[in-house]
Asks: 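Quick one: the structure is below, and I'll ask about it shortly.
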Amino acid sequence: MSSFPFRPLYTQTGSIPSPEEEVSLEHYALLLTIAFTVVVYALEATLDFRQRGAYQGSDFPRELEDTVRRLDEEAAKDAKEAKEKEGDEQKGETTSEEKEELDKKDDSKKDGEGDDEEDDKTKSRVDHHKPLLPQLQTKFQSAQSYGQDKINFSIFSNVYHLLEALAFLLVGFSPYMWDKSVEYGTAFFGWDEETDEIKVTLIFLLLTTLVSTVMGLPFEVYQTFYIEKKHGFSKVTVKLFITDKIKSLLLSIAIGGPFVALLLQIIKWGGDHFYLYVWAFVFVFSVAMMTIIPVYIMPLFNKYEPLKEGDLKQGIFALADRVKYPLTKLFVVDGSKRSSHSNAYMFGFGKNKRIVLYDTLLKGDGKVRDDEVIAILGHELGHWKLKHTLINFVVSQLYFGAAFYGFSLSYGSDNLYAAFGFDGLRDGRIVPTIVALTIFFETLWAPVDKVLSFLLTYESRIFEFQADKFSVDLGMSARLQSGLAKIHLENLGAMCSDPWYSAYHYSHPPLVERLAAMMELDKKAK
């Protein structure tokens, strides 16, 4: 007798396969999915524990120490040369009034006026006039503690999500939720599963989204209100957290609902070659969202204001003009209302490009100097100039095309869906298209997705080195290095990274690798 090695507790018919049914690989789909999920978890858990070991170290990493010391030495040398040059230019030009003012300042320093107040202000921020190495060493334990809290949380949440995923598979969560959606659609709206499949699908997505949101809420609350607040980053209030969640859910319904409805309609309408039409639809949708999200959706969550006139604005426009980047608008976003982490990004099509700076990058007597901000933007513009953004977009579209083509090959695999509890075909029921898509991406496509994800991470690291080189070639190496180090210091970035963990997870190379690469470029240029 042939039978499924594993079957969910809940199935649409509650029956077992007939004795005459031929055994195929699809019969083992649930078992293989569980096995793959566990293997991936074991791999990622191993990497997590390796990284936790790195965070438990108490010694400042020697390679980072040597690299930042060289950076400090070069900065001190450049400062000395600049000071000597400035001194030569101003020698003998001090007026009697300027001498009198300098004398007053000296007297004030002798009296100790304002010293205590100034000391209090400088204790909690990066001192841009002092070497970076001792400041990194001072914050090393704080960075290690922050890293430990994050990795411990990741380990715990990954265990939970593994158990949740396995439980959902084994109890038959998806077929149960689909049947409930059909029941509600029939009871409240008079919808039929076959003729009103897309409408029932929207009920199904609403129910599963609400379940996943509620079950994920404790983890979001803990991360936002405990870990990030404990280390001085999160500024989110309870009110802001709730309003953000409500806005996100409403946007998911307003945008996701019509998107899924159109996607399913195209699959049904497109015949044997539906994947080509779906691919075209996803391409158009992606392009539209790249414009709509930053212009219309992100302002629902944050306030965007034009960057004030000044040296920084002039310097950024001058850099954009230098590399032929058609910059039209320059904004500052109030990222500080949620977090003290810093960031900057670019968006726009054709001749209408925009740059956004987080206010955390500019606040507090200049966490990062203007010339360092410009150097960092030189790196970001390198991604544009070197076509990294375009390459990533093309790769993502090829990914979607390949995925939907693969789905078209398995679309009629009834045994595959039956293995997950959707065996209603025996009673003349349909296999919901949304379910067919979900099962495909969770089974046949999952290994491909993991491999491609790793390759894209590797590609991203290569692009980061290339963008760094672009900024270096613009003559901004020292400012980029110091700017990256200061942001890393302010953000309590990882100073001890396990090489396996970083290779698998980090889309950006560790700080020490980037600094060393830029120093090597500087050495070759001399």
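Computed from heavy atoms alone, side chains included, the values below leave out hydrogens, waters and symmetry copies. A quick note: this is a predicted structure, and the numbers were derived from the prediction, not measured.
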Asks: Could you go step by step and tell me if Leu30 and Arg7 meet the side chain to side chain contact (heavy atoms under 4.5 Å, CB included) rule?
Replies: CA-CA 7 Å; Leu30 182 61; Arg7 285 176 60 81; 5.5 Å; no
Asks: Look only at the side chain of Ser471 and the backbone of Asp468, and say whether a donor-acceptor pair between them is shorter than 3.5 Å.
Replies: no
Asks: Would you find a donor on one side and an acceptor on the other, under 3.5 Å apart, between the side chain of Thr186 and the backbone of Glu183?
Replies: no
Asks: Does the plane of the ring in His341 sit parallel, tilted or perpendicular to the ring in Phe233? Use 30° and 60° as the thresholds.
Replies: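 Ring orientation, 0 to 90° scale: parallel.
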Asks: Kindly say whether Thr433 contributes a backbone atom to a donor-acceptor pair with the side chain of Glu197 at under 3.5 angstrom?
Replies: yes
Asks: Centroid separation under 6.0 Å, is that true for the rings of Phe422 and Tyr417?
Replies: no
Asks: Answer yes if the ring centres of Trp384 and Tyr325 are under 6.0 angstrom apart, and no otherwise.
Replies: yes
Asks: Does the pair Phe153 and Tyr226 meet the rule for a ring pair (Phe, Tyr, Trp, His ring centres under 6.0 Å), with working shown?
Replies: CA-CA 11 Å; Phe153 173 74; Tyr226 179 72; 9.7 Å; no
Asks: Above 12 or not: heavy atoms from other molecules or residues under 6.0 Å from NZ of Lys387?
Replies: no
Asks: I'd like to know whether NZ of Lys247 has more than 12 heavy-atom contacts from other residues, nucleotides or ligands below 6.0 angstrom.
Replies: yes
Asks: For Lys150, is there any backbone N or O sitting under 3.5 Å from a side-chain donor or acceptor partner on Ser154?
Replies: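 Looks like no, no N/O pair under 3.5 Å.
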Asks: With rounding to the nearest 0.5 angstrom, report the OH to CZ distance, Tyr501 to Phe49.
Replies: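 Tyr501 OH to Phe49 CZ: 12.0 Å, rounded to 0.5 Å.
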Asks: Taking only residues at least two apart or on different chains, which pairs with a member in residues 202-222 satisfy salt bridge (Lys or Arg N to Asp or Glu O under 4.0 Å)?
Replies: Glu220-Lys245
Asks: Determine whether a donor-acceptor pair (N or O, by modelled atom type, separation under 3.5 Å) exists between the side chain of Trp178 and the backbone of Val431.
Replies: no
Asks: Is it true that a side-chain atom of Asp334 and a backbone atom of Lys337 form a donor plus acceptor pair closer than 3.5 Å?
Replies: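 Flag not set: sc Asp334 to bb Lys337 has no pair under 3.5 Å.
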Asks: Any donor-acceptor pair under 3.5 Å linking the side chain of Ser212 with the backbone of Thr209?
Replies: yes
Asks: Given side chains that start at C-beta, do those of Ile292 and Ile255 come closer than 4.5 Å, heavy atoms only?
Replies: no
Asks: Parallel, tilted or perpendicular, judged at 30° and 60°: which one describes the rings of His383 and His379?
Replies: perpendicular
Asks: Look at atom CD of Gln56 and say whether more than 12 heavy atoms of other residues, nucleotides or ligands are closer to it than 6.0 Å.
Replies: yes
Asks: Run the side chain to side chain contact (heavy atoms under 4.5 Å, CB included) check on Tyr176 and Val171 step by step: do they pass?
Replies: CA-CA 9 Å; Tyr176 175 79; Val171 302; over 6 Å; no
Asks: Looking only at the aromatic ring of each residue, does the gap between the centers of Phe393 and Phe283 stay below 6.0 angstrom?
Replies: yes
Asks: Do Glu193 side-chain atoms and Val182 backbone N/O form a donor-acceptor pair below 3.5 Å?
Replies: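 Not confirmed, Glu193 side chain does not pair with Val182 backbone.
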Asks: In Å and rounded to the nearest 0.5 Å, what is the CG to OG1 distance from Asn343 to Thr360?
Replies: 8.0 Å
Asks: Over 60° means perpendicular and under 30° means parallel, so classify the ring planes of Phe173 and Phe168, tilted if in between.
Replies: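 Because their plane-to-plane angle is under 30°, the rings of Phe168 and Phe173 count as parallel.
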Asks: Students often mix this up, so state it plainly: with edges at 30° and 60°, are the rings of Phe285 and Phe281 parallel, tilted or perpendicular?
Replies: tilted
Asks: Please tell me if the side chains of Phe465 and Arg514 come closer than 4.5 Å, counting only heavy atoms from C-beta onward.
Replies: yes
Asks: How long is the straight-line distance from CD1 of Ile439 back to OG of Ser413, given to the nearest 0.5 Å?
Replies: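 Rounded to the nearest 0.5 Å, the OG-CD1 separation comes to 10.5 Å.
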Asks: Would you say NZ of Lys469 has more than 12 non-hydrogen atoms from neighbouring residues, nucleotides or ligands within 6.0 angstrom?
Replies: no
Asks: Would you please classify the geometry between the Phe219 ring and the Tyr160 ring as parallel, tilted or perpendicular, with 30° and 60° separating the classes?
Replies: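 Tilted, since the angle between the ring planes falls between 30° and 60°.
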Asks: Is the NZ atom of Lys329 crowded by more than 12 outside heavy atoms at less than 6.0 Å?
Replies: no
Asks: Using a strict 4.0 Å threshold on nitrogen-to-oxygen distance, state whether Glu464 and Arg461 make a salt bridge.
Replies: no
Asks: Let me confirm one number: the CG-OG distance from Leu361 to Ser336, rounded to the nearest 0.5 Å.
Replies: 12.0 Å
Asks: Sub-3.5 Å donor-acceptor pair from the side chain of Ser234 to the main-chain atoms of Glu228, do we have one?
Replies: no
Asks: Under 3.5 Å, is there a donor-acceptor pair between the Glu442 and Thr33 side chains?
Replies: no
Asks: Can you give me every donor-acceptor pair (side chain of residues 447-458, partner residue at least two apart or in another chain, under 3.5 Å) with its distance?
Replies:
| residue | atom | partner | partner atom | Å |
| --- | --- | --- | --- | --- |
| Asp449 | OD1 | Tyr399 | OH | 2.6 |
| Lys450 | NZ | Glu44 | OE2 | 3.0 |
| Thr457 | OG1 | Ser453 | O | 2.9 |

Asks: Measure the spacing between OH of Tyr184 and CG of Leu207 and express it to the nearest 0.5 Å.
Replies: 7.0 Å
Asks: Main chain of Asp192, side chain of Asp196: is a donor-acceptor contact present, judged purely on distance under 3.5 Å?
Replies: yes
Asks: Under the rule for salt bridge (charged side-chain N to carboxylate O under 4.0 Å, His left out), what residues qualify as partners of Glu380, not counting sequence neighbours?
Replies: none
